[in-house]
There are 2 protein chains.
Amino acid sequence: MVCDDGCVHPPRDLDELMSRARALEGVALSELMDVSGLAVRTKGKAGEAMERALGATGVGASLDFPELGVELKTIPVEPDLKPRESTFVCAVALAHADREEWDDSWVKRKLSRVLWMPIVHEAALRRVGRAVLWAPTEEQTCILQADFEEILGAIAIGGIEGVTAHMGRWLQLRPKAADSHARALALGPDDALIETVPRGFYLRSRFTGAILRDPSATP
Amino acid sequence: MVCDDGCVHPPRDLDELMSRARALEGVALSELMDVSGLAVRTKGKAGEAMERALGATGVGASLDFPELGVELKTIPVEPDLKPRESTFVCAVALAHADREEWDDSWVKRKLSRVLWMPIVHEAALRRVGRAVLWAPTEEQTCILQADFEEILGAIAIGGIEGVTAHMGRWLQLRPKAADSHARALALGPDDALIETVPRGFYLRSRFTGAILRDPSATP
DNA sequence: TAGGATCCAGCTTTGGATCCTT
DNA sequence: AAGGATCCAAAGCTGGATCCTA
């Protein structure tokens, strides 16, 4: 499972992926990565450590395991599995939000099958929790699609500034200020193009928390 | 309009009621009641002062102006009309929530016509704001009814403990802990009767704030 | 610049607790 | 006990700000 240079080979199938994921349960994060620099210095690193540990192959704007159709999401949780944050899904194409369709959206593709790897935060210690492989049920897909369409519809009607993070039952749109000085072109009122902060789709923690407990839940 | 003992006679019709209500605009609360005892000692008193000032006649479980079909609600707001609190409507009959019907509910009756008297809080001063006479539009009634039925349905299915204040777009159910030690009998899971804190229906401030600005709004 | 994931100040909401009058 | 309304600590949510790697 490990080649000469310390890399993990890609999993051949879902079973192998899940065996690896389950084998990581209980492992301290410090065993998978360098956690020196303490606390503040781990943004995004846990996700990358998990990708390496599981043998993810995806690059750029693709899934983490393209052959298996699986997206990997590392999610920080409390000991009771309550997520500490909402989960980023993907950026939104602000400039032509009016022609987006659910069926060929990145949101739908990314969420069609997700391997959730909880990282349990307990005081200073962080451990891998129980992995969950999830594909949305039909009912869940309907609600996600409705959220998606509500948000894009609102952009089309009132422009991006009329959209708030209150919209959407499970999916919401929020600033994705990777570079807080960045500006993107977006649809404003009256079809004008305006500059605004880049935004992304996020899953509310009420929903991701429910998935971790029961993958077919509808909170 | 004032009889010998300082009482205000009841208004004969809606016009008279509204004239009085509008005449109170800008009046400091200290002119209508004793505000000594400062701040903490005014719970419910502003509402009673307003009843007296307008000549309300209702007693017990009835409307404030039974002949006019009007319920009076005194509501604390910020200078920009944003309500400081949700608004209590009435208690819920916890013991037989399963047989309640919207059409003969107290919620519907109390909300069929409301005279809103905002009390504008600005620093230490409190003044009467602009009165609003409101009756729900057909659309608003539909949403209120849907909220009511969602909440009562949830009680019927999962018992009172399964109902949270998150339910309902405009109407919500919350503890009505007038006496925090009080307990009421309510439907629990499996149709058992359990003891619980008394609860009441409240209107969210998102909704009451919208009514004050535009009585036909659907926030 | 894109992907991946936290961090956090400040505001809002929940779930009661309190207070007064009839 | 019911009607009327306010107070508040703690939890949750919004709207960004930050940080790292490729």
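Below, chains carry the letters A, B, ... as their sequence lines are ordered, and counting in each starts from 1. This one's a predicted model, so the numbers in the text were calculated from it and none came from an experiment. Computation of the quantities below employed the complete heavy-atom set of this structure, encompassing side-chain atoms and omitting hydrogens, waters and symmetry-equivalent molecules.
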Min side-chain heavy-atom separation A/Leu203-A/Leu111 under 4.5 Å: yes
Residue pairs involving residues 146-170 of chain A (criterion side-chain hydrogen bond (donor to acceptor under 3.5 Å, both in side chains); sequence neighbours excluded): A/Gln145-A/Glu149, A/Glu161-A/Thr196
d(CG, B/Leu54; P, D/dG4) in whole Å: 14 Å
DNA chain C-proximal residues of residues 70-78 of chain A, any heavy atom under 4.0 Å: A/Glu71, A/Lys73, A/Thr74, A/Pro76
Nucleotide D/dT14, atom C1' - distance to CZ of A/Arg84 in whole Å: 18 Å
Qualifying residues under ring-ring contact (aromatic ring centres under 6.0 Å, His included), relative to A/Phe148, sequence neighbours excluded: A/Trp102, A/Phe201
Neighbours of DNA chain D within residues 148-171 of chain A, by heavy-atom distance under 4.0 Å: A/Thr164, A/Ala165, A/His166
Side chains of B/Leu173 and B/Met167 in contact at under 4.5 Å (non-hydrogen atoms): no
CA sep, side-chain torsions, deciding dist, call: A/Arg127, A/Leu29, side chain to side chain contact (heavy atoms under 4.5 Å, CB included): CA-CA 5 Å; A/Arg127 297 183 173 284; A/Leu29 207 57; over 6 Å; no
Among D/dG16, D/dG3, C/dG3, the nucleotide that comes nearest once only the side chain of A/Glu48 is considered: C/dG3
Spacing of A/Glu85 atom CD relative to D/dG16 atom P, expressed in whole Å: 16 Å
Heavy-atom side-chain contact between B/Leu115 and B/Glu71 under 4.5 Å: no
Sub-4.5 Å side-chain heavy-atom contact between B/Lys73 and B/Trp134: no
Salt bridge (charged side-chain N to carboxylate O under 4.0 Å, His left out) partners of B/Arg206, counting only residues at least two apart: none
Side chain to side chain, A/Leu24 and A/Leu32, heavy atoms closer than 4.5 Å: yes
Nearest to side-chain heavy atoms of A/Lys45, which nucleotide of D/dG3, C/dT6, D/dC20: D/dC20
Strand contacts (DNA chain C) in residues 108-120 of chain B, 4.0 angstrom heavy-atom criterion: none
Of all pairs that satisfy side-chain hydrogen bond (donor to acceptor under 3.5 Å, both in side chains), the ones with a partner from residues 104-114 of chain A, not counting sequence neighbours: A/Asp103-A/Lys108
Contacts of type side chain to side chain donor-acceptor pair (under 3.5 Å), residue B/Glu85, not counting sequence neighbours: none
Atom-pair distance (CZ on A/Arg199; P on D/dG15), nearest Å: 9 Å
Nearest-Å distance for atom pair CZ/P, residues A/Phe88 and D/dC19: 19 Å
Euclidean distance, atom CD of residue B/Glu51 to atom C1' of C/dC20 [Å, nearest integer]: 12 Å
Atom-pair distance (CZ on B/Arg174; P on C/dG16), nearest Å: 10 Å
Residues forming a side chain to side chain donor-acceptor pair (under 3.5 Å) with A/Lys82, sequence neighbours excluded: none
Value in whole Å for how far the P atom of D/dG3 lies from CZ of B/Phe65: 17 Å
Side chain to side chain donor-acceptor pair (under 3.5 Å) against A/Asp214, all qualifying residues, sequence neighbours excluded: A/Ser216
hbond_proxy B/Lys176 side chain to D/dG4 base (donor-acceptor, 3.5 Å cutoff): yes
DNA chain D contacts made by residues 201-209 of chain A, counting heavy atoms under 4.0 Å: A/Arg204, A/Arg206
Side chain to side chain donor-acceptor pair (under 3.5 Å) partners of B/Arg174, counting only residues at least two apart: B/Ser86, B/Gln172
Sugar-phosphate only, base, or nothing, as touched by B/Gly47 at under 4.0 Å among non-hydrogen atoms: sugar-phosphate
